[in-house]
Amino acid sequence: MHDNSNNQNLSGSISVGVGRVRDATSVYQTQVLEQRLLRTGALKRRLSRDAIRQLAKLFSMQGDFGLVHDYPGKHFWREVERILRENGSLAGESLDA
């Protein structure tokens, strides 16, 4: 008879990472916004690299707007319009969201 009492089963996983994990959601949201605004004519030209960086940063902290504003969506989109206006790419006075 074979005694299995000394057999042990070991399983696990090893992973090696380099650097930190970055969430690219805000960059994707900025790209989608730019494409939609270009398609609808709300933008007269593509965004500059600086505007893309600012919008991605804004999207990354969008959830925090509810902590300091009663109407977070209103203030968020006002900030989006400010960035687009300063970039010179906004076709009209506002997005008319």
Side-chain angles (χ1 to χ4, degrees):
M1 215 163 174
H2 192 271
D3 182 11
N4 287 330
S5 62
N6 290 328
N7 290 341
Q8 295 180 352
N9 195 6
L10 177 65
S11 66
S13 65
I14 297 175
S15 63
V16 177
V18 177
R20 63 178 188 218
V21 176
R22 296 180 187 214
D23 183 3
T25 303
S26 61
V27 175
Y28 175 73
Q29 290 171 312
T30 300
Q31 291 172 341
V32 169
L33 177 66
E34 180 184 32
Q35 291 169 3
R36 288 179 180 172
L37 294 177
L38 284 168
R39 189 172 43 245
T40 62
L43 292 182
K44 56 187 173 186
R45 64 180 177 85
R46 296 191 63 87
L47 299 174
S48 68
R49 292 182 87 158
D50 187 51
I52 291 170
R53 183 188 54 78
Q54 289 179 49
L55 286 171
K57 184 177 178 182
L58 185 65
F59 272 112
S60 72
M61 51 188 245
Q62 183 178 9
D64 295 338
F65 272 69
L67 300 174
V68 294
H69 296 293
D70 289 333
Y71 301 101
K74 175 183 172 183
H75 293 282
F76 174 80
W77 288 105
R78 184 180 294 160
E79 190 65 15
V80 168
E81 285 181 346
R82 182 192 64 76
I83 292 169
L84 297 176
R85 196 174 295 107
E86 287 178 1
N87 183 64
S89 58
L90 190 61
E93 292 292 318
S94 70
L95 291 175
D96 194 26

Non-hydrogen atoms of [X] and [Y] that approach each other most closely:
X: T30; Y: I52; answer: CG2-O, 3.9 Å
X: R85; Y: E93; answer: NH2-O, 3.0 Å
X: A91; Y: G41; answer: CB-O, 3.3 Å

Side-chain heavy atoms of [X] within contact of [Y], under 4.5 Å:
X: R82; Y: E86; answer: yes
X: Q54; Y: N87; answer: no
X: L33; Y: L47; answer: no
X: L90; Y: K44; answer: no
X: L55; Y: L84; answer: yes

Quick one: CG on L58 to CD on Q29, what's the gap to the nearest 0.5 Å? 10.0 Å
Say you draw a straight line from CG of L95 to CG of L37; how long is it, rounded to the nearest 0.5 Å? 5.5 Å
Taking the side chain from S26 and the backbone from K57, do they hold a donor-acceptor pair closer than 3.5 Å? no
Count the heavy atoms belonging to other residues, nucleotides or ligands that lie under 6.0 Å from CZ of R46, then report whether that count exceeds 12. no
Is the closest basic N to carboxylate O distance between R78 and E81 below 4.0 Å? no
Suppose we call two aromatic rings close when their centres sit under 6.0 Å apart. Are F76 and F59 close by that rule? yes
Hydrophobic clusters here meaning ILVMFWY residues chained together by side-chain heavy-atom distances under 4.5 Å, can you tell me if V32 and L38 are in one? no
Distance alone, cut at 3.5 Å: any donor-acceptor contact between the side chains of S48 and D50? no
